[in-house]
Participant: 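Provided herewith is a single structure, encoded as structure tokens, for subsequent inquiry.
A, B, ... follow the sequence lines: proteins, then strands. Residue 1 opens every chain.
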There are 2 protein chains.
Amino acid sequence: MEASAVTWAILGLIRQRPMSGYDLKRAVDRTIRHFWAASYGQIYPELRRLEDAGWIEGADAANGGRSRRLYRLTDAGRVALEDWLHGHETRLELRDESLLRLFFADALPPEEALGLLAARREGYRMMLAYLRGLDDGTGPDPPFVDVVYRWGLDHCEWGIEWCDRQERRLRQSS
Amino acid sequence: MEASAVTWAILGLIRQRPMSGYDLKRAVDRTIRHFWAASYGQIYPELRRLEDAGWIEGADAANGGRSRRLYRLTDAGRVALEDWLHGHETRLELRDESLLRLFFADALPPEEALGLLAARREGYRMMLAYLRGLDDGTGPDPPFVDVVYRWGLDHCEWGIEWCDRQERRLRQSS
DNA sequence: TAGTGCATGTAATGCGTTACATGATTTC
DNA sequence: GAAATCATGTAACGCATTACATGCACTA
């Protein structure tokens, strides 16, 4: 089984409870999407591959005339997931168009360049609002789910302050 | 001209001085790579497209028997770059395998789960060392180039402290 | 003279999104 | 009965990396 990015997201999520492809997409969007997105075009083919490999098992769970296929983790899948969890790789890939603009902002008049810093701050604000909106108040999450959620909030708050600091610094030094 | 991700990186970099494809790859790796990577497979075809569109102009600059083609920004290219710089979009795409692991770490025994936090901290440390290594001490950078470099450093330092804080918090609450 | 760096490029492959097609069920 | 939601899936496309091929020039 050739594991790829989306493999672990799926295994990890259906470990909590059996899910359909549709469920998975929603779970991804509600939880890990801000640092790891996944689309139907990845999820459905990956479910096939995972079932072929014996890491998950699908069962028909039609709801009246509405077809539905629920997948659950097999023992082999559980082992694979735990193996991956023990990995300690930490390469992080960032793609941040706002930083790219900022990097070239010296080509703009100073006031407009500072505007890009303000725009970045606004981006963090919107992300923060989005993350706060995810909190549906349904009781306490497991500790590490909570840690990752906090990371999102803390990261945005840090980013907002960072933009403020830099704007002040640049205004003073000019 | 259908502009894509790599378009702006190239235009922005050759705005500073004319460059070859090879130069561009090196410039990308030395400056923006930690938040916006680009490979030869993107750069060379994109140079063609940009020249066809009239945003850059290539000139032969062979070095003895070693062929070399230097590209410079045209007026049209300068205008296109500045238009893009005025944009205020700020969607940031993150892909962070370490956060994904952390999110599922509740499946591990507590001590091992905490190990993932330590591993993340180590990742920030390595990135920080990498960024510090980029500073070749060649005098002051333009203000916004410097701002983005600082962002990298500050972000790593924040990340290290964040991991520390979370580790302490989780150890206390358990 | 062997290794490294300069320099250009392409082909194969993989990753991921978008847009579309289809149809049932629930809710207003 | 219209609209939203549940549910599955694929085809086309675009973005990006990796690996390879080629050859010159410098330096140890």
Participant: Which whole-number value in Å describes the distance from B:R48 CZ to C:dT10 C1'?
Facilitator: 10 Å

Participant: Checking B:D29 now: which residues fulfil side chain to side chain donor-acceptor pair (under 3.5 Å) with it, not counting sequence neighbours?
Facilitator: B:K25

Participant: Quick one: ring pair (Phe, Tyr, Trp, His ring centres under 6.0 Å) partners of B:W36, sequence neighbours excluded?
Facilitator: none

Participant: Do B:E112 and A:E82 touch side chain to side chain, with heavy atoms closer than 4.5 Å?
Facilitator: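 No, every pair of side-chain atoms sits at 4.5 Å or beyond.
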
Participant: Rounded off to whole Å, could you give me the CD1-to-P distance for the B:I43 and D:dC15 pair?
Facilitator: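 Going from CD1 in B:I43 over to P in D:dC15 covers 15 Å.
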
Participant: Could you state the atom-to-atom distance from OH of B:Y44 to C1' of D:dT18 in whole Å?
Facilitator: 16 Å

Participant: When B:E157 is tested against each of B:R150, B:R132, B:R121 for salt bridge (Lys or Arg N to Asp or Glu O under 4.0 Å), which residue passes?
Facilitator: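 When salt bridge (Lys or Arg N to Asp or Glu O under 4.0 Å) is applied between B:E157 and each of B:R150, B:R132, B:R121, only B:R132 qualifies.
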
Participant: Check whether any side-chain N or O of B:D146 sits under 3.5 Å from a backbone N or O of B:P140 as a donor-acceptor pair, and report yes or no.
Facilitator: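 Side chain of B:D146 to backbone of B:P140, a donor-acceptor pair under 3.5 Å: no, none is there.
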
Participant: Write out all pairs satisfying salt bridge (charged side-chain N to carboxylate O under 4.0 Å, His left out) with one or both partners inside residues 67-78 of chain B, taking only residues at least two apart or from two chains.
Facilitator: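 The answer is B:D23-B:R68, B:E51-B:R69, B:E57-B:R72.
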
Participant: Separation of A:L47 atom CG from D:dT10 atom P, in whole Å?
Facilitator: 11 Å

Participant: Between the protein and nucleotides 14-20 of chain C, which nitrogen or oxygen pairs are less than 3.5 angstrom apart?
Facilitator:
unit_1, atom_1, unit_2, atom_2, d
C:dG16, OP1, B:R95, NH1, 2.8
C:dG16, OP2, A:Q42, NE2, 3.4
C:dT17, OP2, A:S39, N, 3.4
C:dT17, OP2, A:S39, OG, 3.4
C:dT17, OP2, A:Q42, OE1, 2.5

Participant: With a 4.0 Å heavy-atom cut-off, tell me which residues in residues 56-68 of chain A come close to DNA chain D, sorted by residue number.
Facilitator: A:R66, A:S67, A:R68

Participant: Using a 4.0 Å cut-off on heavy atoms, which residues in residues 22-29 of chain A reach DNA chain C? List them by number, or say none.
Facilitator: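 Residues of residues 22-29 of chain A under 4.0 Å from DNA chain C: none.
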
Participant: Rounded to the Å, how far apart are B:I10 CD1 and D:dA16 P?
Facilitator: 11 Å

Participant: Please name all residues satisfying side chain to side chain donor-acceptor pair (under 3.5 Å) with A:R66, sequence neighbours left out, ordered by chain then number.
Facilitator: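 Result, side chain to side chain donor-acceptor pair (under 3.5 Å) vs A:R66: none returned.
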
Participant: Expressed as a whole number of angstroms, how long is the span from A:M19:CE to D:dC6:C1'?
Facilitator: 16 Å

Participant: B:R30 has an atom CZ; how far is it from atom P of C:dC6, in whole Å?
Facilitator: 11 Å

Participant: Between B:L70 and B:L24, is there a shared hydrophobic cluster once you connect ILVMFWY residues whose side-chain heavy atoms come closer than 4.5 Å?
Facilitator: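 No, no single cluster joins them.
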
Participant: Please list, chain by chain and in numerical order, all residues satisfying side chain to side chain donor-acceptor pair (under 3.5 Å) with A:R101, sequence neighbours excluded.
Facilitator: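 Scan of A:R101 (side chain to side chain donor-acceptor pair (under 3.5 Å), adjacent residues dropped) gives A:E97.
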
Participant: Give me each pair satisfying ring pair (Phe, Tyr, Trp, His ring centres under 6.0 Å) with a member in residues 85-122 of chain B, each pair once, sequence neighbours excluded.
Facilitator: none

Participant: Measure CG/A:L100 against P/D:dC15 and give the value in whole Å, please.
Facilitator: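 It works out to 15 Å between those atoms.
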
Participant: Same hydrophobic cluster for B:L128 and B:L117, using side-chain heavy-atom links shorter than 4.5 Å among ILVMFWY?
Facilitator: yes

Participant: Under the side chain to side chain donor-acceptor pair (under 3.5 Å) rule, what pairs show up with a residue in residues 6-16 of chain A, not counting sequence neighbours?
Facilitator: A:T7-A:E46

Participant: Looking at A:Y124 and A:W158, would you say the former's side chain and the latter's main chain have a donor-acceptor pair under 3.5 Å?
Facilitator: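 Flag not set: sc A:Y124 to bb A:W158 has no pair under 3.5 Å.
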
Participant: Give a yes/no on whether any side-chain N or O of B:S20 is located under 4.0 angstrom from OP1 or OP2 of C:dC6.
Facilitator: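 No, outside the criterion.
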
Participant: Angle, rounded to 10°, between the helical axes spanning five pairs at each terminus of the helix from C:dT1-D:dA28 to C:dC28-D:dG1?
Facilitator: 30°

Participant: Going by ring pair (Phe, Tyr, Trp, His ring centres under 6.0 Å), name the residues that satisfy it together with A:Y40, two or more places apart in sequence or in a different chain.
Facilitator: A:Y44

